[in-house]
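Working notes, beginning with the structure itself.
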Amino acid sequence: MKDLQEATEKICELKGSLVALDALITALLQVMPAQARAELSETFERYAEMARTVLLHAPISEHSIAAFERDVQRTSQLLTTPADAS
């Protein structure tokens, strides 16, 4: 039972960390100049494709891959939405 409780606590910690990182990324994107966001968008797409290739060939759950795809899509939208429109 202790292992299950520790695992649950660790998952909750990871969720909190991800929410904090998400808030940071969103804030950074809002203050970046348009040109820098465009460059970051192109670079992000390349790195996301590399990560996608790694994930598809790794022993990882479909839930993890689905979460990756969802967050890549959300981040891509944040990068291409003008800062004053958000």
Subject >> Value rounded to 0.5 Å, distance of CD in Glu9 from CG in Leu4 >> reply: 10.0 Å

**OP:** Identify whether Leu56 and Ile60 are in the same connected component of the hydrophobic contact network (ILVMFWY, side-chain heavy atoms under 4.5 Å).
**Re:** yes

**OP:** Mind checking the CG-CG spacing from Asp71 to Leu21? Nearest 0.5 Å is all I need.
**Re:** 11.5 Å

Subject >> Contacts of type salt bridge (charged side-chain N to carboxylate O under 4.0 Å, His left out), residue Glu69, not counting sequence neighbours >> reply: Arg52

**OP:** Apply the side-chain contact (heavy atoms from CB on, under 4.5 Å) test between Leu40 and each candidate in Leu28, Thr75, Leu79; give the one that qualifies.
**Re:** Leu79

**OP:** Kindly compute the distance separating CD1 (Ile65) from CG (Leu55), expressed to the nearest 0.5 Å.
**Re:** 6.0 Å

Subject >> Check: Arg70 and Arg74 side chains under 4.5 Å, non-hydrogen atoms >> reply: no

Subject >> Inter-residue atom distance Arg46.CZ - Glu42.CD, 0.5 Å rounding >> reply: 7.0 Å

Original post:
Can you tell me how far the CE atom of Met50 sits from the OG1 atom of Thr53, to the nearest 0.5 Å?
Top reply: 9.0 Å

**OP:** Kindly say whether Val72 contributes a backbone atom to a donor-acceptor pair with the side chain of Ser76 at under 3.5 angstrom?
**Re:** yes

Original post:
Measuring from Glu45:CD to Thr80:OG1, what's the distance to the nearest 0.5 Å?
Top reply: 9.0 Å

**OP:** Not counting sequence neighbours, which residues clear side-chain contact (heavy atoms from CB on, under 4.5 Å) with Ile25? List them please.
**Re:** Leu29

